Amino acid sequence: MRTQVAIIGAGPAGLLLGQLLSRAGIDNVILERRSLDYVLSRIRAGVLEQGMVDLLHEAGVSDRLEREGLVHDGFSLAYHGALHRIDLKGLTGGRTVTVYGQTEVTRDLVEARHALDRPTIYEAQDVALHDIDGTSPRLTFTKDGKAHELTCDFIAGCDGYHGISRASLPETALQIFERVYPFGWLGLLVDRPPASHELVYAGHERGFALCSMRSAERSRYYIQVPLEERVEDWSDEAFFDELRQRLPAEVAEAVVTGPSIEKSIAPLRSFVAEPLRFGRLFLAGDAAHIVPPTGAKGLNLAASDVRYLFDALREHYRDHSDAGLDSYSARALARVWKAERFSWWMTNLLHRFPERDGFDGRIQETEFAYLTQSRAACTALAENYVGLPY
Ligand code: RFL
Ligand code: PHB
C-alpha cells in the first residue's frame with residue numbers, strides 16, 4: 001500500500017488532518033489501534049475556541065455544530081462561595097466559545113471521512129515506524145492477524161499521549177518538559193439540565209469543581225479528587241454531595257441529579273515534547289503535548305497543530321515549498337506554550353494543592369480578589385480562554 005500522508009490515530013487531530021488533506025486532494029490513510037465504536041464512545045473535552053470552529057467549517061464538517069453547538073458569551077468563577085462572571089464577549093471585542101462535545105466532533109469527522117470514501121484502518125495492531133529519516137518512510141502493522149506495510153511521503157503522529165510515534169524516537173532526540181499534579185478530575189455525565197446556562201469553575205477548600213454541559217438537557221460535572229481515588233468508590237450520590245458542597249449556594253441548589261451515564265477519573269498533567277518534527281515524522285495534538293483540562297485547551301491545541309501542519313503539507317504538494325514544513329515545529333510550539341502557561345495558571349488558581357502552606361493559600365485568594373477587581377486581569381484571562389490567534 002502507498003499513500004502521500006500516513007496518519008497514525010483517529011482522534012480529533014488525525015481525523016481533522018485527514019479531512020483537510022482529502023478535501024485538498026492529498027491522499028492519506030489513517031491507522032487506528034482501537035475499534036470505531038471505541039473511538040466514538042470516548043467522552044472528553046467540550047469547549048471549542050472560535051479558531052477551531054472556523055477550521056471545522058473550512059473542513060466542511062460544521063453543519064451539526066452550527067445547529068447544535070451552544071455559543072457561550074461568558075462563564076463564572078466561584079471562589080469560597082462568591083461568584084464572579086467573566087464576560088468573554090465584552091472583554092475580547094466580541095469573541096466567544098462554543099460548547100460542543102469532542103465526541104460529536106469525532107462523529108462528524110468520521111461521517112465526513114466515510115462520505116469521501118477515504119480509508120481508515122481500525123484495529124490496526126503493532127503499528128511501527130521505519131525510515132523516518134529517509135525520503136520514503138514506511139509503517140508496518142497487523143490487521144486481523146495479517147502483516148501489512150504502508151509506504152508514504154510523510155507520517156503524521158496523531159496518536160495521543162500513549163501513542164507509538166513519540167515513543168519510537170530515540171530519547172536523545174527529544175527534550176521533555178513536564179509537571180504532574182497531585183490530583184485528578186472525577187467527571188460525571190448525566191441526562192439532566194445543567195445547573196447554570198454558563199460554565200462555573202469553582203475553587204473551594206474541599207477542592208476544585210466544574211459545572212459544564214453538552215446540551216440544554218445533558219450536564220457534565222467534574223470534581224478534583226486525590227490521585228489514589230477509584231471511580232468504583234464514588235456512587236452518584238456521593239459525587240453530587242461533594243459537588244454541591246464546593247459550589248456557591250445558588251448554583252448548588254440548581255444542580256439536578258440523576259443516574260450517571262459515564263463516570264471516569266483523568267489525571268492532570270502538563271507535558272511538552274520538543275521538537276515536533278523528526279525527518280518525515282510530524283507530531284500533532286496529545287502525541288506531543290498535554291495540558292491539564294482546567295483551561296479547556298487540549299482539544300483546541302490539537303486543532304491549531306493541525307491547522308499549521310495542513311497548511312505546510314498543502315504548501316509542499318501545491319506550491320512545492322517546504323518552508324511551512326521546516327517552520328512547523330517552531331510555529332506550533334509557540335502557541336502550545338502559551339496554552340501550557342494559561343492551563344497551568346488556571347489550575348493553580350482553582351485547585352487545592354495538598355502540599356501548600358498558608359502563604360500559597362493567601363496568594364491564591366489574592367489572585368482571585370485581583371480578578372474580581374481588575375478589568376485588565378479579567379481581559380488577560382478572557383483572551384486566553386477564547387483562544388489566542390493562530
Ligand atoms: P487522542 O484523542 O488521544 O487520539 C489519539 C488516537 O490515537 C490512537 N492511538 C493509536 N493508533 C494506532 N497505533 C497506536 N499505537 C496508537 N496509539 C494511540 C488512539 O486510540 C486515539 O484514537 O489525541 P488527539 O487527536 O491529539 O486529541 C487530543 C484530545 O483528545 C485531548 O487533548 C483532549 O481530549 C484532552 N482532554 C480534555 N481536554 C479538554 O480540553 N477538556 C477536557 O475535559 C478533557 N478531558 C482529555 C479529557 C483527555 C483524556 N485522556 C487523554 C485520557 C479526558 C481524558 C480522559
Ligand atoms: C467539559 O465540558 O468537559 C469541560 C469544559 C471545560 C473545561 C474542561 C472540560 O475546562
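The shown structure was predicted, so the numbers you read here are calculated from the model rather than taken from an experiment. Just so you know, ligand 1 is whichever comes first in the structure, and atom 1 is the first atom listed for that ligand. Counting from 1, the numbers follow the sequence of the chain as shown.
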Do Asp27 and Arg118 sit within salt-bridge range, that is, some charged N less than 4.0 Å from a carboxylate O?
-> yes
is_close_aromatic(His351, Tyr181), centroid dist under 6.0 Å | no
Report yes if Val127 has an N/O atom closer than 3.5 Å to an N/O atom of ligand 1; otherwise report no.
-> no
Quick note on ligand 1: atoms under 4.0 Å from a heavy atom of Arg34 include exactly 20 (O)
Please identify which atoms of ligand 2 are closer than 4.0 Å to at least one heavy atom of Trp185.
-> 8 (C)
For Val47, take its heavy atoms, then give the atoms of ligand 2 lying under 4.0 Å from any of them.
-> 5 (C), 6 (C)
Between Lys297 and Glu340, does at least one N-O distance fall below 4.0 Å, as a salt bridge requires?
-> no
Taking N or O atoms only and a 3.5 Å limit, does Pro293 qualify as a polar contact for ligand 2?
-> yes
Would you kindly say whether Tyr308 and Arg335 are connected by a side-chain donor-acceptor distance under 3.5 Å?
-> no
Any atoms of ligand 1 less than 4.0 Å from a non-hydrogen atom of Cys158? List them with their elements.
-> 5 (C), 6 (C), 7 (O)
Contact bool for atom 36 (N) of ligand 1 (protein heavy atom, d < 4.0 Å) = no
Whether Gln102 lies under 4.0 Å from ligand 2, heavy atom = no
If we number the atoms of ligand 1 from 1 as shown, the ones under 4.0 Å from a heavy atom of Ile164 are 15 (N)
Hey, does Arg220 come in under 3.5 Å of ligand 2, counting only N/O atoms on both sides?
-> no
What atoms in ligand 1 come closer than 4.0 Å to a heavy atom of Leu31?
-> 11 (N), 12 (C)
Lys297, portion touching ligand 1 at heavy-atom distance under 4.0 Å = backbone
Should Glu58 and Arg307 count as an ion pair when the cut-off is N to O under 4.0 Å?
-> yes
Quick one: do Asp311 and Tyr390 satisfy side chain to side chain donor-acceptor pair (under 3.5 Å)? Show the steps, please.
-> CA-CA 12 Å; Asp311 287 346; Tyr390 280 15; over 6 Å; no
Identify which one of Trp185, Phe353, Tyr222 satisfies the ring pair (Phe, Tyr, Trp, His ring centres under 6.0 Å) criterion when paired with Phe208.
-> Trp185
Would one find an N or O of Tyr201, backbone or side chain, under 3.5 Å from an N or O of ligand 2?
-> yes
Is Arg44 in contact with ligand 2, taking contact as a heavy-atom separation below 4.0 Å?
-> yes
Side-chain (Glu149) to main-chain (Leu139) donor-acceptor, under 3.5 angstrom = no
For ligand 2, is there an atom lying under 4.0 Å from some heavy atom of Leu210?
-> yes
Should Pro12 be counted as touching ligand 1, given the test is an N or O pair under 3.5 Å?
-> yes
Measure Tyr161 to ligand 1 on non-hydrogen atoms and call it side chain, backbone, both or neither using the 4.0 Å cut-off.
-> neither
In terms of atom number and element, which parts of ligand 1 are under 4.0 angstrom from non-hydrogen atoms of Ile8?
-> 12 (C), 13 (N)
For residues Phe154 and His316, establish whether the separation of their ring centroids is below 6.0 Å.
-> yes
Do ligand 2 and Tyr385 have nitrogen or oxygen atoms that lie under 3.5 Å from each other?
-> no
Per-atom filter on ligand 1: closer than 4.0 angstrom to a heavy atom of Gln102 are 2 (O), 29 (C), 30 (O), 33 (C), 34 (O)
Distance-only N or O hit between ligand 1 and Ala266, under 3.5 Å | no
The answer for which part of Ser212 has a heavy atom under 4.0 Å from ligand 2 is side chain
